[in-house]
Amino acid sequence: MLTASGAQFLDWSATYRLFKGSRMNMSKIFGCIRKEVVLTNGWEHPYIYAHMDDTLLRKRGKKIFGTGWMRDPLGPPFSSNFVWGQRFIQVSLSLLEKGVFGPSRAIPVDFTHCPPVKKTTKGADEQTTATFLQQHKKEKMSAVGLQRILSLREDLNADGFSNKKVVLSVDGSYTNETVIKKLPAGVELIGRIRKDAKLFSPAEVKINQRGRKPYFGRELPTPEQIRQSPEIPWFFYFLASLVIRPNYRYKDTIFICTPYT
C-alpha cells in the first residue's frame with residue numbers, strides 16, 4: 001500500500017500506528033470484495049470457483065510473532081532451501097473475464113495467519129506434551145483450512161448466495177480426513193492425492209453375514225495405475241491462461257470410493 005501510494009521513502013511511523021493492534025476489521029473489508037466478485041460474475045452462474053493454499057511471507061526479524069524456518073516453495077526441486085518467514089492461508093475467488101468461462105483472475109477474499117505450533121523440548125513432562133498435541137491438532141494447517149472453508153460458506157450464505165455451489169480447489173495438504181469428513185454442504189472439493197494412494201470401493205454387506213462388518217470393498221486402481229493403463233483413453237484440452245504449454249491431457253474415470261466416516 002505504501003509503495004502504491006508513493007510513500008515508501010517517507011516515515012512509516014504513522015502507518016504502523018494505524019495498522020497495529022488489529023484496528024481494522026479485515027473480515028468486513030474482504031466481505032465487500034467477496035460480494036463484489038460474485039456479483040460481477042453474474043447471477044446466472046450457478047457456481048463460485050474458489051482456491052485455497054498456504055503462502056509464505058519472508059521476514060527478517062527473529063522476534064516477529066509466528067515466524068520460523070520454513071521450506072522455500074520457490075527453491076529448486078533438487079534441494080530444499082529454508083527461509084525465515086510467516087505462514088498464511090489464502091482463499092481466492094475467480095473473477096471471470098467478461099462473465100464467460102475461460103481465463104480468470106484470482107481475487108483474494110481471505111488471508112489468515114497460520115503459524116506452526118512450537119514443538120516441546122526433549123524430556124518435557126506429560127502435561128506439556130499433552131498440551132502440545134492438543135494445540136497442534138487444533139492449529140495444524142488442515143484444521144485451520146477447514147475453518148476457512150466453513151467461514152467462506154457461511155459468509156456466502158449471509159451475502160445471499162446460498163443457492164450457488166462453491167467449487168474449491170486445494171492441494172494435497174487439505175485432501176485428507178480432517179477436511180473431507182467435515183466438508184459443509186454446498187462445497188465441492190477438488191484436491192490432489194498421492195500417485196500411489198490406495199483406494200477402495202464401498203464394502204458390500206451381505207445378509208446374515210457373520211463376523212465383523214467389512215469396512216473396505218474391493219481395491220481400486222491407484223492414480224499411477226490409471227495413468228499407465230492403456231484401457232483408459234487420454235483426453236486433451238486447451239488452457240487459455242497459459243502461453244508456453246496450452247495443451248494438456250487427462251484421463252476421465254469415475255470411482256465410488258470408501259468415504260471418510
Side-chain angles (χ1 to χ4, degrees), residues 4 24-55 88-112 114 141-176 178-193 223 226 233-257 259-260:
M24 303 179 64
N25 191 337
M26 297 305 299
S27 61
K28 292 186 178 181
I29 296 177
F30 279 125
C32 298
I33 302 174
R34 179 185 62 250
K35 190 173 183 179
E36 189 65 25
V37 170
V38 180
L39 292 176
T40 303
N41 288 336
W43 286 95
E44 63 277 7
H45 292 294
Y47 300 105
I48 298 175
Y49 301 100
H51 322 278
M52 184 175 68
D53 198 3
D54 58 289
T55 184
F88 288 81
I89 292 181
Q90 178 174 312
V91 180
S92 302
L93 298 184
S94 290
L95 179 62
L96 304 180
E97 183 177 348
K98 298 181 180 179
V100 298
F101 294 98
S104 62
R105 177 176 295 180
I107 306 299
V109 296
D110 192 6
F111 199 68
T112 304
C114 181
M141 194 164 57
S142 58
V144 178
L146 174 62
Q147 296 301 322
R148 305 326 304 159
I149 297 175
L150 296 173
S151 178
L152 175 63
R153 184 68 269 184
E154 293 176 358
D155 292 338
L156 290 173
N157 294 341
D159 293 338
F161 306 120
S162 58
N163 59 327
K164 291 180 177 289
K165 181 175 293 186
V166 177
V167 180
L168 178 66
S169 62
V170 297
D171 67 352
S173 301
Y174 309 98
T175 314
N176 50 38
T178 302
V179 177
I180 296 177
K181 284 183 64 174
K182 299 181 180 180
L183 202 64
V187 177
E188 295 290 340
L189 189 72
I190 302 177
R192 178 178 59 86
I193 60 176
I226 296 175
W234 286 100
F235 295 91
F236 296 87
Y237 75 101
F238 177 78
L239 193 59
S241 61
L242 296 181
V243 179
I244 300 176
R245 188 183 177 187
N247 293 322
Y248 274 74
R249 64 176 186 171
Y250 67 98
K251 288 189 175 184
D252 187 4
T253 58
I254 300 177
F255 288 124
I256 300 178
C257 304
Y260 283 103

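All residue numbers in this chain count up from 1 along the given sequence. Source: prediction; values computed, not measured.
Nearest heavy-atom pair, Asn176 versus Ser142, reported as atom, atom and distance to 0.1 Å: ND2-CB, 3.6 Å. When every heavy atom of Leu156 is checked against every heavy atom of Val38, the shortest pair comes out as CD2-CG2, 4.2 Å. Closest of all the heavy-atom pairs between Tyr174 and Asp54 is OH-N, 3.8 Å. Of all heavy-atom pairs spanning Ser94 and Val37, the tightest one is O-CG1, 3.9 Å. Taking all atoms of both residues into account, the shortest heavy-atom contact from Val91 to Arg148 is CG2-CB, 4.3 Å. Smallest separation of non-hydrogen atoms from Gln90 and Pro108: NE2-CG, 3.7 Å.
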| task | Kindly determine whether Arg34 and Asp110 satisfy side-chain contact (heavy atoms from CB on, under 4.5 Å), including the steps that lead there. | result | CA-CA 9 Å; Arg34 179 185 62 250; Asp110 192 6; over 6 Å; no

| When you look at Gln147 and Leu150, which way does the side-chain contact (heavy atoms from CB on, under 4.5 Å) test go after all the steps? | CA-CA 5 Å; Gln147 296 301 322; Leu150 296 173; 4.3 Å; yes

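Between the CG atom in Asn163 and the CG atom in Asn157 there is a gap of 9.5 Å [rounded to 0.5 Å]. Note that the CG atom of Asp155 and the NZ atom of Lys28 stand 12.0 Å from one another [nearest 0.5 Å]. Atom CE in Met52 sits 8.0 Å away from atom CG in Leu146 (nearest 0.5 Å). Taken from OG in Ser173 to CG in Asp53, the straight-line distance is 7.0 Å, to the nearest 0.5 Å. Separating the CZ atom in Arg153 from the OG atom in Ser162 is a distance of 7.0 Å, to the nearest 0.5 Å.
The number of heavy atoms from other shown groups lying within 6.0 Å of NZ (Lys164) is above 12. A 6.0 Å sphere centred on NZ of Lys251 holds more than 12 heavy atoms belonging to other residues, nucleotides or ligands.
In this structure a side-chain-to-backbone donor-acceptor pair under 3.5 Å is present from Thr175 to Asp171.
Remark: Ser27 pairs with Asn25 by the side chain to side chain donor-acceptor pair (under 3.5 Å) rule, at least two apart or across chains.
With Leu93 as the fixed residue, the side-chain contact (heavy atoms from CB on, under 4.5 Å) test singles out one of Asn41, Val109, Ile33, Thr40: Val109.
Using cut-offs of 30° and 60° for the angle between ring planes, the Trp43 and Phe161 rings count as tilted.
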